[in-house]
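Encoded as structure tokens, the structure appears first; notes follow it.
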Amino acid sequence: MIAKELRSLLGDAYRLAVSEGLLPPVELPEFVLERPRQKAHGHWATNLALLLAGSLKENPRRIAEAIAAKLEGIERRGNPTIERVEVAGPGFINLFLKKERILSELTRVAGEGDDYGKWSFGEGKSILVEFVSANPVGPLHVGHGRWAAYGDALCNLLEAVGYRVEREFYLNDHGTQMENFAASVEARYLQLGGLEAEVPEDGYHGSYVKDIAQQIWEEEGDRWLEASPEERRRHLGELAYHKMLEEIRTTLEELGVRFDRWFSEREMHRRGEVEKVISQLLQGGLAYERDGAIWMATSRFGDEKDRVLVRSNGQPTYFAADIAYHLDKARRGYWRLINIWGADHHGYVRRLQAAMEAQGYPGKLEVILGQLVNLKRGGEPVRMSKRTGEMVTFRELLKEVGKDVARYIFLTRSQDSPLEFDIELAKAESMENPVYYVQYAHARICSIMRYAEEKGVRTVGGIPAPQVLERLVAEEEIDLALKLFEFEELVRDAALERAPHRLTRYLEDLSALYHLFYQRHRVISDDPELTEARIFLSLCTRQVLANGLRLLGVSAPERM
RNA sequence: GCGCCUGUAGCUCAACUGGACAGAGCGGCGGACUUCUAAUCCGUAGGUUGCAGGUUCGAGUCCUGCCAGGCGUGCCA
């Protein structure tokens with residue numbers, strides 16, 4: 001891998017300069033090695049000398065010159081990577097690669113195929129990612145869709161760098177919201193039976209509740225009208241809950257997101273885990289009683305104040321259940337827990353992390369806050385409340401724009417930037433969505449391959465001989481090849497930064513370079529060697545496009 | 001009041017965590033299909049990165065103070 005190789009060459013060059021007394025010794029800083037925006041700045045460039053200037057108290061250009069000289073020395077002793085080194089500006093070291101090295105790297109891309117871009121530094125350590133976790137009392141809203149797409153792509157990335165990943169959905173199927181939901185469905189059911197009934201003030205007023213009641217009415221008929229209120233509410237609530245859960249599951253499937261586990265809060269309560277945790281905390285001196293309630297001493301672990309676990313009416317809080325749930329996750333032995341939460345939960349992060357630390361799991365829980373989606377329609381804000389009838393569900397949106405567009409729109413944005421989502425704009429732009437730009441590049445290459453086969457040109461098998469690859473000399477070809485090589489580091493960085501959106505940007509740049517290459521050069525020509533070389537370059541590009549799209553969970557079509 | 005996030009082209013967003021002339025898409029304007037897919041390509045216009053200071057070789061990025069927006073700040077979930 002070129003970047004890695006250049007990094008170690010730079011380190012060697014510096015140490016060599018030190019050993020010859022040209023530069024004072026100091027620990028090598030974390031330096032940037034990047035593909036510069038401008039071609040004049042080389043194939044790769046580094047700020048190493050600029051960083052060293054601080055600790056060495058030395059002119060950065062002089063440091064750069066010394067390193068550059070040693071670098072060329074190393075190169076002359078037979079390491080065929082660098083063609084030329086230049087010192088530029090305040091002390092940048094610009095590196096120009098040997099043509100042969102670029103071509104040999106290209107064969108690596110082809111050789112690794114579907115594995116190109118993968119790493120193993122995760123060492124098989126296990127990560128549990130919990131995301132979406134929407135309450136099963138209403139359909140998913142657009143924000144859930146965003147976090148689902150983000151979470152799934154993040155999981156793909158973590159897997160690509162060598163972690164074992166499990167996707168988990170925490171089901172809040174317990175507590176007052178479930179009761180309110182049941183009461184709301186019951187009211188709608190009774191109305192269908194011609195009886196007087198009102199949806200409670202703090203119930204759910206969305207039209208989907210009517211739809212569910214209607215379905216139940218059709219399936220169950222009027223048999224619950226006469227039942228005892230307790231039994232009726234319990235049954236209707238259960239039926240509605242399972243319908244809602246199915247709706248959520250289906251929507252996520254339509255987005256291409258599958259969870260390994262649906263963890264039920266209710267089951268956890270039934271197993272007595274919540275009570276057990278509370279008594280353990282009391283015994284361990286981490287919780288105490290005051291004003292008739294039980295409090296956890298989270299403030300001893302960095303929280304602003306202590307938090308209630310059990311209210312004075314005897315009911316455990318949501319926080320208590322969350323502690324039990326996260327303790328359960330921690331005890332399952334994962335190397336790390338990642339939660340993706342809506343930004344409206346950010347006030348909750350510290351107290352839960354405090355609770356984890358109190359129980360002997362400091363640093364185990366990583367919380368990623370996904371910013372909310374601001375839904376608009378033609379510039380006008382749209383409310384997303386489950387309680388009012390006015391709502392655009394994520395599923396409706398998904399139907400209108402399709403899985404690939406939806407995922408891509410969400411994944412082009414950094415997760416900590418609030419997203420403005422204009423429905424009309426999204427519909428209009430779905431035809432112009434950049435996802436098609438990337439997919440088109442992939443389909444276009446497939447199309448060229450089909451054409452080649454018609455012409456009897458071989459498109460599969462084997463790495464071209466060196467003299468064939470050397471036919472790749474055009475600027476567009478070299479630019480394209482160099483762009484391919486950025487993919488590996490990009491996957492690593494995107495995984496470590498939890499930033500799948502970096503991939504979309506890259507794929508668009510890569511596609512642009514391919515479209516440009518296509519525009520200016522014919523792949524299939526009368527020149528057999530040149531044709532072979534260009535087919536090979538095209539196939540490498542297709543491979544990287546496919547690998548990138550796979551990480552995003554977006555399809556790579558063979559024709560469009 | 002306090003805490004977290006955000007403020008970049010007309011619009012939606014990037015900018016590899018302090019690097020070289022701040023970039024894409026959409027929208028605007030002008031061009032390119034007899035040749036492997038025009039869902040493409042080329043050119044052009046568009047910016048005091050919310051404001052004011054500071055840190056240094058170098059700031060959209062870091063520090064301070066303002067301004068604006070979102071979210072949070074429950075014995076709610």
Sequence-aligned protein contact record of nucleotides 18-25 of chain B, with B where the base is within under 4.0 Å of a protein heavy atom and S where only the sugar-phosphate is: -BBB-BB-
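Annotation: of the two residues near RNA chain B, A/R307 and A/R35, the 5′-most nearest-nucleotide partner is A/R35. In terms of position on RNA chain B, the residue among A/A443 and A/H346 whose nearest nucleotide sits closer to the 5' end is A/H346.
Protein atom CG of A/L545 is 17 Å distant from nucleotide atom P of B/A39, rounded to whole Å. Computed from coordinates, the A/N374 CG to B/G7 C1' distance equals 14 Å when rounded to whole Å. The distance from atom NE2 of A/H345 to atom C1' of B/G70 is 16 Å, rounded to the nearest whole Å. Distance CG (A/D479) to C1' (B/C41): 16 Å, rounded to an integer number of Å. Rounded to whole Å, the distance from CZ on A/R542 to C1' on B/U37 is 15 Å. With rounding to whole Å, A/L411 atom CG is found 14 Å from B/C13 atom C1'. Distance CG (A/L419) to C1' (B/G7): 15 Å, rounded to an integer number of Å. Going from atom NZ of A/K483 over to atom P of B/C16 covers 13 Å, rounded to whole Å.
Between A/Y437 and A/H515, the ring center distance clears the sub-6.0 Å criterion. Taking the six-membered ring for Trp and the full ring otherwise, A/F263 and A/Y325 have centroids separated by under 6.0 Å.
Between A/R290 and B/C75 there is no side-chain polar atom (N or O) within less than 4.0 angstrom of OP1 or OP2. For B/U73, neither phosphate oxygen OP1 nor OP2 lies less than 4.0 angstrom from any side-chain nitrogen or oxygen of A/K305. Contact check, A/R559 against B/A39: no side-chain N or O comes under 4.0 Å of OP1 or OP2. A close approach under 4.0 Å does occur between a side-chain nitrogen or oxygen of A/Y518 and OP1 or OP2 of B/A38.
Atom CG of A/L171 and atom CD of A/E265 lie 9.0 Å apart (nearest 0.5 Å). Taken from CG in A/L480 to CZ in A/F485, the straight-line distance is 9.0 Å, to the nearest 0.5 Å. Atom CG of residue A/D322 and atom CZ of residue A/R351 lie 10.0 Å apart, to the nearest 0.5 angstrom.
The residues A/R270 and A/E267 are annotated as salt-bridged, a charged nitrogen and a carboxylate oxygen being separated by less than 4.0 angstrom. A salt bridge between A/E453 and A/R458 is absent, with no side-chain N of the basic residue lying under 4.0 Å from a carboxylate O of the acidic one. Under 4.0 Å is where a charged nitrogen must lie from a carboxylate oxygen, and between A/E475 and A/K39 at least one such pair does. No salt bridge links A/R290 with A/D306; every basic N to acidic carboxylate O contact stays at or beyond 4.0 Å.
Using atom C1' as the reference point in both B/C33 and B/G28, the two lie 24 Å apart (nearest Å). One C1' atom belongs to B/A59, the other to B/G18, and the distance between them is 7 Å to the nearest Å. The separation of B/A22 from B/G46, taken at their C1' atoms, amounts to 14 Å, rounded to a whole angstrom. Nucleotides B/C13 and B/U49 are separated by 14 Å at their C1' atoms, to the nearest Å. A distance of about 34 Å separates the C1' atoms of B/U73 and B/C11, rounded to the whole Å. A gap of 33 Å separates the P atoms of B/A45 and B/U6, to the nearest Å. The same atom, C1', is picked in B/G25 and in B/A14; the two are 10 Å apart, to the nearest Å. The P atoms of B/G60 and B/G53 are separated by 14 Å, rounded to the nearest whole Å.
In the set B/C42, B/A77, B/U37, B/U37 carries the atom at the smallest distance from any side-chain atom of A/I448. Side chain of A/T317, nearest nucleotide from B/C13, B/U37, B/A77: B/A77. Residue A/A293 places its side chain closer to B/C75 than to any other of B/C75, B/C41, B/A38. Considering only the side chain of A/L372, B/C71 comes nearest among B/C5, B/A77, B/C71. For A/R502, the listed nucleotide lying nearest its side chain is B/C16; candidates were B/A14, B/U37, B/C16. Side-chain atoms of A/H501 lie closest to B/A15 of the nucleotides B/A15, B/G74, B/A77.
The strand RNA chain B forms stems, runs of 3 or more Watson-Crick or G-U wobble pairs with distances below 3.5 Å, at B:1-7 with B:67-73, B:10-13 with B:23-26, B:28-32 with B:40-44, B:50-54 with B:62-66.
With sequence neighbours excluded, the residues forming a side chain to side chain contact (heavy atoms under 4.5 Å, CB included) with A/L496 are A/F121, A/R492, listed by chain and number.
Among the heavy atoms of the strands, none lies under 4.0 Å from A/H442. Residue contacts shown for A/L516 are limited to sugar-phosphate atoms, with no base heavy atom under 4.0 Å away. As judged by a 4.0 angstrom heavy-atom cut-off over every strand, A/T412 is placed among residues touching the sugar-phosphate backbone only. Looking at heavy-atom distances under 4.0 Å, A/E454 makes no contact with the nucleic acid at all. Nucleic acid contact class of A/S414 (heavy atoms, under 4.0 Å, all strands): sugar-phosphate only. If you check every strand for non-hydrogen atoms under 4.0 Å, A/F319 touches nothing.
B/U17 has its base syn relative to the sugar, with a glycosidic angle deviating from 0 by at most 90°. In this structure, B/C21 shows a glycosidic angle within 90 degrees of zero, which is the syn conformation. B/C57 adopts an anti glycosidic conformation, its chi angle falling more than 90° from 0.
In this structure, the side chains of A/L154 and A/R498 come closer than 4.5 Å at one or more pairs of heavy atoms.
Checking each of A/T46, A/I93, A/V87 against A/I67 for a side-chain contact (heavy atoms from CB on, under 4.5 Å) leaves exactly one that passes, namely A/I93.
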Can A/N339 and A/H326 be said to form a side-chain hydrogen bond (donor to acceptor under 3.5 Å, both in side chains), step by step? CA-CA 10 Å; A/N339 286 5; A/H326 284 83; 2.7 Å; yes
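Between the side chain of A/Y451 and the base of B/U37, no donor-acceptor pair of N or O atoms lies under 3.5 Å. For A/S312 against B/C75, a side-chain N or O and a base N or O form a donor-acceptor pair under 3.5 Å.
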